[in-house]
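This is a predicted model, so every value here is computed, not measured. Letters go in sequence order (proteins before strands), and every chain restarts at 1.
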2 protein chains.
Amino acid sequence: MTKKALRREPLYEQIKTVLIRRIGDGEWLVNDCLPSEWDLAAELGVSQGTVRKALTALVSDGLLYRRQGLGTFVSETPGDWGEGAMLTPGLFNERPDPLVQELIGVSRSHASDEMADALQVRRSAPLVRVRQLWRLGGVVVALDDAYLPAESFEGLDARWIRQAGGGVHAALQQRFGVRARCVGEQVRAVVPPREESLLLGLDPEEPALAVLRLSAGMDGAPVEWRQRYCRSRFWSWTRREKW
Amino acid sequence: MTKKALRREPLYEQIKTVLIRRIGDGEWLVNDCLPSEWDLAAELGVSQGTVRKALTALVSDGLLYRRQGLGTFVSETPGDWGEGAMLTPGLFNERPDPLVQELIGVSRSHASDEMADALQVRRSAPLVRVRQLWRLGGVVVALDDAYLPAESFEGLDARWIRQAGGGVHAALQQRFGVRARCVGEQVRAVVPPREESLLLGLDPEEPALAVLRLSAGMDGAPVEWRQRYCRSRFWSWTRREKW
DNA sequence: TAGTGGTCTAGACCACAGG
DNA sequence: CTGTGGTCTAGACCACTAG
């Protein structure tokens, strides 16, 4: 036994966990209104202030949104691009632009060592690969491949993805009840392989931004490994603070 | 007159503003302990909870840090790399590494249109350029040029920067009382110009990550425009969430 | 008008650090 | 032991939204 007693987890953290689970279980669907802070407080046996602290954290995590005078709601499944993520297209003082994704195809693949490590599957484990193209104003700006463990997502195919509105993450939510969120991201400057370079419309030897991203379910289990090549010729990728 | 009355700014926002100003004025220096939440509350005429909310916001902004049982303290001036910023070196599951900066030289330059726009100075306005090299484990990993309005920072030279510990931001704080923080960042994949490519030890035509960064003082006035080339060959640049 | 989130207060207890 | 931040409660008032 250790001398130091385990610090008990704060109440609002426990509330967060409960709410995440109940949302994941489908008790409240996308854009559903949660019970009011007071109702939740009564039901959970804590004060309204504690519920508020948990809700505020979930809002900043992007799982919920609030509208004063209306209530607290479940957010849309984030799109495949990764709304709250590191790289969004645009220049320093620009408005967000509409990104359109185009599904190219779904195929089978096997886990590289790097993927197997990130997805916590064995090496060469079977994966599903979903290849998509991103356009902005008609111009191709990015190409990405999403890799998912085939054993966990049997039956995921182009039809399901199209029915879900074209997004892998939307399909995961609808077909498997999994809400994926980005848990790690990497950026490199590379010259893409010839095939990808052609799809992107790059000159030979023209560099692109390569983004590697790992997504996990709300329970923390790795769900998707994504490799994306971004054109860096006309567009750049920006982060903006409140300013 | 408009029908809709102006919404009064929340108290904790006002408290934030007051504290930022008093820190900027040097009332508390780096690593100084602020008065306790209760003392601040009494002095400012608000409740302890309101002070806490303002302090919490400033902690998440990186201006303060707290240690339970001790107090609330003023953070170090962030280093020139940009500690809390988008790109920090390392692989997915790595610990942070010690980055060492080496001052190459300080020279005069003139604002390009892009710089003038970001720094809010006239085109071709005189600028001070500070060129630095970044090493990680002895290997050169990045090269950057910091551009500052010469009129605002007259006298900034290599000696002052060295005396401040080698950092531009540290020198700004010590010599001009300006705490700079990153307000916007951009990433591109490019093949650097020949001179920069040589300094970085890149092969000809080898791509690098180019990071453009605008920093502002606590009052929001633009202070520094920075262009950085990062080697992308052995190192990659990562963001990690709590995970 | 009723119900919601947004803010603020006052007071309480806990865990931690230091003398 | 004292003082600090960390958490939690109960209650209040405000601003916004919908019907």
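In this structure, the side-chain contact (heavy atoms from CB on, under 4.5 Å) partners of B/Gln101, at least two apart in sequence or on a different chain, are B/Asp80, B/Gln132, B/Trp134.
Place A/Leu70 and A/Gly45 on DNA chain D by their nearest nucleotides, and A/Gly45 ends up nearer the 5' end. Of the residues near DNA chain D, A/Arg67 and A/Val46, the one whose nearest nucleotide (by heavy atom distance) lies more toward the 5' end is A/Val46.
When each of D/dA15, D/dC8, C/dC8 is scored by its nearest atom to the side-chain atoms of A/Gln68, the top-ranked nucleotide is D/dA15. Listed candidates were D/dT9, C/dT9, D/dT7. Nearest to the side chain of B/Gln48 is D/dT7. The side chain of A/Pro10 approaches D/dC8 more closely than any other nucleotide in the set D/dC8, D/dG5, C/dC8. Among C/dC8, C/dG11, C/dG5, the nucleotide with an atom closest to any side-chain atom of B/Tyr12 is C/dC8.
Sorted by first then second residue, the ring-ring contact (aromatic ring centres under 6.0 Å, His included) pairs that include residues 19-77 of chain A, not counting sequence neighbours, are A/Tyr65-A/Phe73. Listed by first and then second residue, the salt bridge (Lys or Arg N to Asp or Glu O under 4.0 Å) pairs involving residues 46-57 of chain A are A/Glu37-A/Arg52 (not counting sequence neighbours).
Counting only Watson-Crick or G-U wobble pairs whose defining distances are both under 3.5 Å, the stems of 3 or more consecutive pairs in DNA chain D are C:1-18 with D:1-18.
In terms of modelled atom types and a separation under 3.5 Å, the side chain of A/Asp157 and the main chain of A/Trp160 share a donor-acceptor contact.
For the segment residues 51-58 of chain B, residues with any heavy atom less than 4.0 angstrom from an atom of DNA chain D are, sorted by number, B/Arg52. Contact check of residues 27-44 of chain A against DNA chain D (heavy atom, cut-off under 4.0 Å) returns no residues at all.
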